Number of protein chains: 2
Amino acid sequence: MTANEPQLNIHRQVVDQLGKMIVGGSLVPGDLLSSEEQLAEQLAVSRSALREAMKVLGAKGLIESRQKTGARVRERRFWHQLDAKVLEWRFATMPTKAFVAELIEMREIIEPAAAAAAAKKRDRDQLEAIGTAYQAMADASDRDAWAKADVEFHSAVLNAANNELMSSLFNVVATALHSFFQLSARAAVDFKYSLPQHFNVYDAIRKRSALQARAAMQRLVDDSRRHLRQSGGAAA
Amino acid sequence: MTANEPQLNIHRQVVDQLGKMIVGGSLVPGDLLSSEEQLAEQLAVSRSALREAMKVLGAKGLIESRQKTGARVRERRFWHQLDAKVLEWRFATMPTKAFVAELIEMREIIEPAAAAAAAKKRDRDQLEAIGTAYQAMADASDRDAWAKADVEFHSAVLNAANNELMSSLFNVVATALHSFFQLSARAAVDFKYSLPQHFNVYDAIRKRSALQARAAMQRLVDDSRRHLRQSGGAAA
DNA sequence: CAAATCTATTTGTCCTACAAATAGAAAAGC
DNA sequence: GCTTTTCTATTTGTAGGACAAATAGATTTG
């Protein structure tokens with residue numbers, strides 16, 4: 001499968017080299033790469049070829065270029081993310097309902113599994129982060145604060161599952177769902193209805209009960225779907 | 001979130017435009033794009049900018065360029081795939097065990113869920129495809145034939161789940177696992193041990209029993225993990 | 001009819017020259 | 001002294017030209 005490529009295109013080689021530097025850790029998120037001119041000279045390629053490689057790395061989410069500043073290594077969570085643009089395109093071209101249904105289905109699969117994994121693998125700090133988010137939800141006095149804490153809670157759970165692949169996948173799915181219909185922009189009254197259920201998730205993860213955590217998250221997710229159904233269609 | 005971008009870089013605009021043409025369906029997989037020179041003229045941009053856009057589309061998996069032939073629209077299944085390269089890089093840089101564990105965990109989450117979804121949503125043809133793959137497994141006289149049919153079986157199940165997002169995710173995870181340790185390169189004897197379990201999956205999907213399908217696939221996946229554990233480490 | 005050769009087309013690479021943006025320094029204004 | 005404005009140097013963005021490398025398809029040769 002890889003034996004039939006005698007010599008890779010230069011820009012691909014450059015993608016590989018820079019990619020290794022970035023993913024491998026000799027550059028860390030936030031670091032600035034040398035200028036295109038310097039990099040081109042170091043790697044002994046033309047600026048054109050180098051730029052093509054940089055654009056590819058940008059598309060992969062590894063770096064971000066800005067005029068005058070240069071190219072910067074992006075945060076890890078952007079790295080192997082599904083392409084939001086492609087999701088958008090699909091949204092524009094695919095029957096809306098079917099696509100949103102895919103997203104919802106994925107979310108319903110990932111979250112309970114993540115809760116179960118979190119119950120097994122979470123460490124003290126990760127549990128605390130979930131607890132903090134839960135407290136923020138409990139203290140929320142308006143919908144915005146609630147929504148923010150809610151996002152925080154769920155990503156804390158994902159984080160506690162200690163599986164970056166899962167986290168980044170969830171991140172994309174959740175973001176897409178979020179942008180399609182404003183998840184929490186419904187019922188102004190009783191926005192805290194799911195607080196007890198969130199507590200169950202937290203408590204199960206605290207007790208390291210994978211089964212309970214999965215079940216609690218499952219209920220949460222089921223409720224959420226019911227609400228999504230009610231709020232109906234999506235916004236472009 | 002999108003309001004602070006007064007004018008997009010040209011190459012990004014081109015990515016958008018061509019992307020829409022491809023994803024939107026005015027071009028279908030297999031179609032040949034016009035030459036770079038022509039496209040550049042049509043879109044009124046320089047060939048440099050166009051090429052950067054083309055490389056990005058290539059990196060996203062939408063097209064594939066070859067000298068003399070031109071750029072061709074790739075099959076859908078490549079479109080919103082996670083980047084296998086990044087997985088490779090991570091594999092090279094991350095403690096092997098932890099990363100493979102992530103992959104295995106993802107697989108164990110996706111497959112049972114997919115089996116359940118397939119039981120609910122499969123159509124006649126999709127069931128037949130699973131059945132055919134099962135038959136091929138039953139008829140397999142050597143390990144290679146078995147391995148091939150096995151892959152076929154699992155992707156048929158994923159396909160029957162009717163969730164492209166899920167399929168493509170699984171595809172990447174399975175491919176990565178496959179390349180890390182040769183899944184079926186172990187025990188030469190009794191390579192068909194899991195045939196009855198595969199039948200259970202097929203049968204549950206046939207009967208449209210989501211619960212049974214999930215459980216059967218879960219057992220399959222558990223067995224598989226046990227075998228992976230036995231066969232130990234990974235190959236670079 | 002088959003094999004070798006040629007040719008025209010297309011992508012790959014390199015180069016030069018500016019344009020556009022902007023971080024940071026310098027100058028101006030209060 | 002402090003803020004605001006202006007300038008400047010650096011970096012990416014875009015354009016366009018030139019040629020190299022690959023190769024599908026036509027042409028020639030055996």
Side-chain angles (χ1 to χ4, degrees), chain A residues 2-19 21-22 27 29-75 78 85, chain B residues 2-19 21-22 27 29-75 78 85:
Chain A
T2 54
N4 56 349
E5 295 169 281
Q7 67 230 34
L8 235 41
N9 292 338
I10 289 197
H11 83 266
R12 281 181 201 269
Q13 289 180 36
V14 174
V15 166
D16 273 17
Q17 288 183 50
L18 291 179
M21 286 170 60
I22 296 168
L27 289 167
D31 277 4
L32 227 46
L33 277 68
S34 320
S35 74
E36 292 182 350
E37 207 164 1
Q38 287 174 34
L39 276 177
E41 198 188 338
Q42 283 172 36
L43 302 174
V45 300
S46 71
R47 202 185 141 208
S48 321
L50 182 91
R51 271 184 65 79
E52 286 173 10
M54 300 281 277
K55 293 302 132 193
V56 168
L57 288 170
K60 287 180 193 301
L62 298 205
I63 63 174
E64 191 173 38
S65 299
R66 292 176 56 176
Q67 271 177 220
K68 168 75 189 180
T69 309
R72 195 181 292 280
V73 177
R74 297 188 78 191
E75 297 295 326
F78 293 115
K85 204 56 170 181
Chain B
T2 53
N4 55 350
E5 296 169 279
Q7 66 231 32
L8 235 42
N9 293 338
I10 288 198
H11 82 264
R12 280 180 201 269
Q13 289 180 37
V14 174
V15 167
D16 273 16
Q17 288 182 49
L18 292 180
M21 286 170 61
I22 295 168
L27 288 168
D31 277 4
L32 227 45
L33 276 67
S34 318
S35 75
E36 292 182 348
E37 207 165 1
Q38 286 175 35
L39 277 176
E41 198 187 339
Q42 282 173 36
L43 303 174
V45 300
S46 70
R47 205 187 138 207
S48 322
L50 182 91
R51 270 184 65 80
E52 286 172 11
M54 299 282 275
K55 293 302 133 194
V56 168
L57 289 171
K60 287 180 192 302
L62 298 204
I63 63 174
E64 191 173 37
S65 299
R66 291 178 55 177
Q67 274 179 215
K68 167 74 189 182
T69 309
R72 194 181 292 280
V73 177
R74 297 186 78 190
E75 296 296 326
F78 294 116
K85 205 58 171 180

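Quantities reported herein were computed from a predicted structural model and do not represent experimental measurements. Only heavy atoms go into these numbers, but all of them, side chains included; no hydrogens, no water, no symmetry mates. Order of the sequence lines fixes the chain letters, A, B, ..., with proteins taken first and strands second; residue numbering starts at 1 for each chain.
Interface remark: the B:Ser48 side chain does form a donor-acceptor pair with the D:dG16 base, using a distance-only criterion of under 3.5 Å. Taking 3.5 Å as the limit, the base of D:dG13 and the side chain of A:Arg47 contain a donor-acceptor pair of atoms between them.
Distance CD (A:Gln13) to C1' (C:dT13): 12 Å, rounded to an integer number of Å. Remark: P of C:dT11 and CZ of A:Arg12 are 14 Å apart, rounded to the nearest angstrom. Atom P of nucleotide D:dT23 and atom CG of B:Leu32 are separated by 15 Å, given to the nearest angstrom. Atom CD of B:Glu52 is separated from atom P of D:dT12 by 12 Å (rounded to the nearest Å). Atom CE of A:Met54 and atom P of D:dG13 are 8 Å apart (whole Å). Distance B:Ile10 CD1 to C:dC18 C1': 14 Å, rounded to the nearest Å. The CG-P distance, from A:Asn9 to D:dA20, rounds to 18 Å in whole Å.
A:Glu41 contributes atom CD, which lies 12.0 Å from atom CG of A:Leu50 (distance to the nearest 0.5 angstrom). We find the CD1-CZ distance between B:Ile22 and B:Arg74 to be 11.5 Å, quoted to the nearest 0.5 Å. Expressed to the nearest 0.5 Å, how far CD of A:Gln67 lies from CG of B:Asn9 amounts to 7.0 Å. Atom-to-atom distance recorded for A:Asp31:CG and A:Met21:CE is 9.5 Å, nearest 0.5 angstrom. Taking CD1 from B:Ile63 and CG from B:Leu57, the interatomic distance works out to 5.0 Å, rounded to the nearest 0.5 Å. The structure places OG of B:Ser46 at 7.0 Å from CD1 of B:Ile10, a figure rounded to the nearest 0.5 Å.
For B:His11, a side-chain nitrogen or oxygen approaches OP1 or OP2 of D:dT14 to under 4.0 Å. Checking the phosphate oxygens (OP1, OP2) of D:dT12, no side-chain nitrogen or oxygen of A:Lys55 falls inside 4.0 Å. Using a 4.0 Å cut-off, some side-chain N or O of B:Arg51 falls inside it from OP1 or OP2 of C:dG12. Residue B:Ser46 has no polar side-chain atom (N or O) positioned under 4.0 Å from OP1 or OP2 of D:dT14.
Legend: residues meeting side-chain contact (heavy atoms from CB on, under 4.5 Å) with A:Leu32, ordered by chain and number and at least two apart, are A:Thr69, A:Arg72. In this view, A:Asp16 and B:Lys85 satisfy the salt bridge (charged side-chain N to carboxylate O under 4.0 Å, His left out) rule, not counting sequence neighbours.
By the 4.5 Å heavy-atom criterion applied to side chains, B:Met54 and B:Leu18 are counted as neighbours.
Across all non-hydrogen atoms, the minimal contact from B:Ala59 to A:Val56 is CB-CG1, 3.6 Å.
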> Could you write out DNA chain D as a dot-bracket string, with dots for unpaired bases, | for bases paired across to another strand, and Watson-Crick or G-U pairs counted at under 3.5 Å?
Replying inline: ||||||||||||||||||||||||||||||
>> A:Val15 vs A:Lys60, test: side-chain contact (heavy atoms from CB on, under 4.5 Å). Steps then yes/no.
In response: CA-CA 10 Å; A:Val15 166; A:Lys60 287 180 193 301; 4.1 Å; yes
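Among residues at least two apart or in separate chains, side chain to side chain donor-acceptor pair (under 3.5 Å) pairs with a member in residues 48-58 of chain B are A:Arg51-B:Glu52, A:Glu52-B:Arg51, B:Glu36-B:Arg51.
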What are the atom names and distances for every N/O pair under 3.5 Å that joins the protein to nucleotides 5-10 of chain C?
unit_1, atom_1, unit_2, atom_2, d
C:dT10, O4', B:Lys68, O, 3.4
C:dT10, O2, B:Lys68, N, 3.3

Filtered N/O pairs between nucleotides 4-7 of chain D and protein, under 3.5 Å:
none

